[in-house]
Amino acid sequence: MTKTSIDVVINHEAHRTADMVARRSYGKLIAFLAARTRNVAAAEDALSEAFASALADWPRNGCPNNPEAWLLTAARRRLIDAARRRNTSDGAVPQLQLLSEELEVASAQTEIPDRRLALMFACAHPAIDAELRAPLMLQVVVGLDAKTIASAFLVSPAAMSKRLVRAKTKIHEAGIPFRIPEPEELAPRLDAVLDSIYAAFAEGWTDPGGTDIARRDLTEEAFFLARLVVELLPAEPEPFGLLALMLYAEARRNARRNASGAYIPLTGQDTTQWNAGMIYEAEVILHHARTLSIIGRYQIEAAIQSAHIARHRSGHNNWPDIVTLYDALAAISNSPVVAINRALAIAEIEGPRAGLDAMPRLTNDTRLNQYQPFWAARAELLSRIGACNKAREAYDMAIGLERDPAVRSFLQQRLAALT
Amino acid sequence: MQYLLALYSQEDGWKALTKEQQEQGVAAYTAYGEALRKAGVYVGSNRLQPVATATTVRLVDGKSQVLDGPYIDSKEQLAGYYLIDVPDLDTALAWAARCPGASHGIIEVRPIWAY
């Protein structure tokens, strides 16, 4: 081998290691670096500089045995340098001292404590704008860039970066702590963490073909975060419920579209296309969640998915069970989305008229009026009772509100079939 | 970190209370101040005179313009403050929630600029 080709191999090895550490431990390293100072932005800058020096150093000197500790030490030195440069006044002294002490501790130990969950709870703090919690978690815990996040949440990249910077500044300057909340205050914050993960998953899941890399990554990261929460808070049932719910949905991904990309509703899906392994894992997880004796939104939603899957596989009519589950969900969530799905289940048992009676009423609530599934459900039930004109109007609304071309064309076919 | 708990409330609400209720209110604030001191987080506090006493000043073309009234004319007005020194925002929010003002008004929690 020539010197150049050896260099290429070493270089490749260094890049591969750095890439692996970035994928596996980015959030863990950021969480550790920012735990004391709460300065996420400074930690991100320091870590990216540490990665740059790793890519310069590792090809020459070989990859270290513990690349994470290497990166952490390099990043800590940069944080200290930056603090020194930025601030020579008295106020900086305690901070510098703290960082130096931690640097020694960090260099001495090989195991890096996992503070990711504490960082997630900081991002899900009620003082952070609710709409920014999921994007912020994806950026600081997962390491996705603002551009990718912006496209997933349908916001302009410039606006998203600006808002993320503002949120990170708030964590630092308002003194939002990195900690797992006490049991009595855990529930609302855990809800926010789970909601953020589910929002990320749902964003990824709306990708029509499952081919958009950024969105595909979002579902993968949502699974990663859900599994992390389950691992770190094993006594909490709802994270298990969420993980099961996501697995049920993911298991049907391939069956949602036919070969030409057209949308297939649940009732028309080929069950052999479902991922049986994922469904089995979901069943086991959901069963385990039930043994923890506290029922919650995600467990019920997962149970509904489980019931739909059981019906399609066995042909056994279990709509009454589904209505019961929706009743339980309605009792804790009071959401119009739940009411819509409950009405569709009632229609399966008592007929379309009863379903229409159970639908939420049109109100001044623009969120309901602009919610595609509301109009699609109305249209479906109206067409079943033969109210063609009203059904047509409802389909027009649903089609106008849908952003997925495959679903749009599915609704257009239903509309065309009316006449 | 030091945080300012700024207490906003409706002055009319206070005036509408009976004498007994007002006494209870004062006692609640006294107890709260005592709790802050005992916890070692108290830095300072003051109650403000009613907003009718407020005067606003700004410079317009180099001349000071003085106007009668508060900066923002809304139902809730700044009525007083506590300055506390606690480790983080969660602790500050917990103290703000215990403040009697939280049950009849709004409390804005702001960190003091750190040097």
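Scope of the values below: all heavy atoms of this structure, side chains included, with no hydrogens, waters or symmetry mates. All chains are named by letter (A, B, ...) in the order of the sequence lines, taking the proteins before the strands, and each is independently numbered beginning at 1.
Counting heavy atoms of neighbouring residues, nucleotides and ligands inside a 6.0 Å radius, atom CD of B:Glu20 does not exceed 12 of them. Annotation for A:Glu131: atom CD does not count as buried by contact number, only 12 or fewer foreign heavy atoms lying within 6.0 Å. In this structure, A:Arg227 places its CZ atom where more than 12 heavy-atom neighbours from other residues, nucleotides or ligands lie under 6.0 Å away.
Taking each heavy atom of A:Ala174 and B:Pro111 in turn, the nearest pair found is CA-CG, 3.6 Å.
At a heavy-atom cut-off of under 4.5 Å, chain B is reached by A:His125, A:Ala127 from residues 120-129 of chain A, listed in order of number. Of residues 71-91 of chain B, those residues lying under 4.5 Å from chain A by any heavy-atom pair are B:Pro87, B:Asp88, B:Leu89, B:Asp90.
Rounded to the nearest 0.5 angstrom, B:Met1 CE and A:Arg38 CZ are separated by 6.5 Å.
Interface residue B:Leu93: only side-chain heavy atoms are found under 4.5 Å from chain A.
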